[in-house]
Amino acid sequence: MTDDLAAVGRFLYEAGTLKQTRRTGWWMAGVRDPESVAGVRDPESVAEHAWRTALIATIIAKLESADPARAAYLAVWHDTQESRTGDVNHLGKKYAPAGDPQEVTADQTAGMPEVLASAVRELVAEYEAKETPEAVCVRDADKLECLLQGIEYKAQGYENAQRWIDNSRGRLVTQTANRLADELLAQGSLDWLRAALGEGKA
């Protein structure tokens, strides 16, 4: 069991690299690293994206009568392979496809206790198959998180983020995700703060 947990420990360090791994598509929208221009926020990390995707997945799943815990579980693991492949954006995949998520996951979980390794492999396979209600909800959550991040970047002055907003909006499947997208597009990124402070809309 000690050897098995050694593999888990290595993976936990590996997963930590996702906190520094940037979502590269945002560079094409003009979102730059802090070194580029003082005070400019760098693109979100894969870990930041995965966290809000998991949160959104629970909401969509609950409102779509799917299992929110299972959806969150899938969402947490949906991009873990990027610790090895990096975040390859859609244009990059045209020239250098990222590794197969299931193969990467098999390598990442090698040496872990089989009860854990098989569970993780099954999660990734379920997400990639896009067939269960929870996987569909997570896929929508992934797109909705991108739409939401695009709205936030656009509010910061990155007009090119509109392309990501439009593309994400057009790929949503569930009724809940589509309704949430409409709501997000109708709000300002600080409307939540105004509401919390009891202020009217500006």
Side-chain angles (χ1 to χ4, degrees), residues 1-26 43-90 92-93 96-149 168 171-178 180:
M1 186 62 140
T2 304
D3 290 340
D4 291 343
L5 291 184
V8 173
R10 288 191 299 273
F11 174 77
L12 293 176
Y13 280 113
E14 177 181 337
T17 66
L18 295 174
K19 294 195 286 184
Q20 287 81 41
T21 304
R22 299 293 157 205
R23 302 235 317 142
T24 61
W26 293 120
E44 67 175 335
S45 71
V46 172
E48 290 168 323
H49 164 72
W51 174 79
R52 192 157 60 174
T53 297
L55 185 67
I56 295 168
T58 65
I59 293 166
I60 295 173
K62 187 65 177 177
L63 295 176
E64 289 287 323
S65 300
D67 181 348
R70 180 75 179 176
Y73 196 20
L74 288 167
V76 166
W77 289 91
H78 87 283
D79 278 342
T80 53
Q81 307 80 22
E82 293 182 9
S83 64
R84 299 212 175 172
T85 65
D87 177 62
V88 181
N89 59 60
H90 289 291
K93 287 178 184 177
D100 176 81
Q102 293 181 71
E103 290 176 14
V104 175
T105 300
D107 286 345
Q108 287 176 311
T109 58
M112 290 184 184
E114 186 53 31
V115 66
L116 173 61
S118 61
V120 172
R121 289 190 305 265
E122 288 168 13
L123 282 170
V124 172
E126 179 180 346
Y127 176 76
E128 294 299 324
K130 310 173 196 172
E131 293 173 355
T132 65
E134 292 75 19
V136 171
C137 291
V138 176
R139 292 236 166 223
D140 266 7
D142 184 45
K143 302 302 176 278
L144 196 59
E145 200 287 325
C146 186
L147 178 143
L148 184 51
Q149 186 64 65
S168 297
R171 296 169 70 190
L172 298 174
V173 175
T174 63
Q175 181 182 17
T176 299
N178 278 288
L180 269 173

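Any value given below was found using the heavy atoms of this structure, including those in side chains, with hydrogens, waters and symmetry copies removed. Predicted, not measured: the structure shown is a model, and the values here were computed from it.
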With a 3.5 Å distance limit and no angle check, can you tell me whether [X] reaches the backbone of [Y] through a side-chain donor-acceptor pair?
{"X": "Q81", "Y": "G99", "answer": "no"}
{"X": "T174", "Y": "A177", "answer": "yes"}
{"X": "H78", "Y": "A75", "answer": "yes"}
{"X": "D100", "Y": "E103", "answer": "yes"}

Minimum heavy-atom distance [X]-[Y], with the two atoms named:
{"X": "V138", "Y": "A71", "answer": "CG2-O, 3.2 Å"}
{"X": "T58", "Y": "L55", "answer": "OG1-O, 2.6 Å"}
{"X": "I60", "Y": "T176", "answer": "CA-CG2, 4.0 Å"}
{"X": "A135", "Y": "L74", "answer": "N-CD1, 3.8 Å"}

* Structure fact -> Residues passing the side-chain contact (heavy atoms from CB on, under 4.5 Å) test with I59, sequence neighbours excluded, are L63, L180
* Not counting sequence neighbours, which residues clear side chain to side chain donor-acceptor pair (under 3.5 Å) with T80? List them please. => none
In Å and rounded to the nearest 0.5 Å, what is the [atom1] to [atom2] distance from [X] to [Y]?
{"X": "E126", "Y": "Y73", "atom1": "CD", "atom2": "OH", "value": "10.5 Å"}
{"X": "I56", "Y": "D140", "atom1": "CD1", "atom2": "CG", "value": "10.5 Å"}
{"X": "C137", "Y": "L144", "atom1": "SG", "atom2": "CG", "value": "11.5 Å"}
{"X": "Y127", "Y": "D142", "atom1": "OH", "atom2": "CG", "value": "4.0 Å"}
{"X": "M112", "Y": "S118", "atom1": "CE", "atom2": "OG", "value": "11.5 Å"}
{"X": "T53", "Y": "K143", "atom1": "OG1", "atom2": "NZ", "value": "9.0 Å"}

* Asked: Do R70 and L123 have side chains that get closer than 4.5 Å, going by heavy atoms?
  -> yes
* Passing option when R139 is tested against E145, E131, E128 for salt bridge (Lys or Arg N to Asp or Glu O under 4.0 Å) -> E128
* To do: Answer yes or no: are there more than 12 heavy-atom neighbours, outside Q102 itself, under 6.0 Å from its atom CD?
  => yes
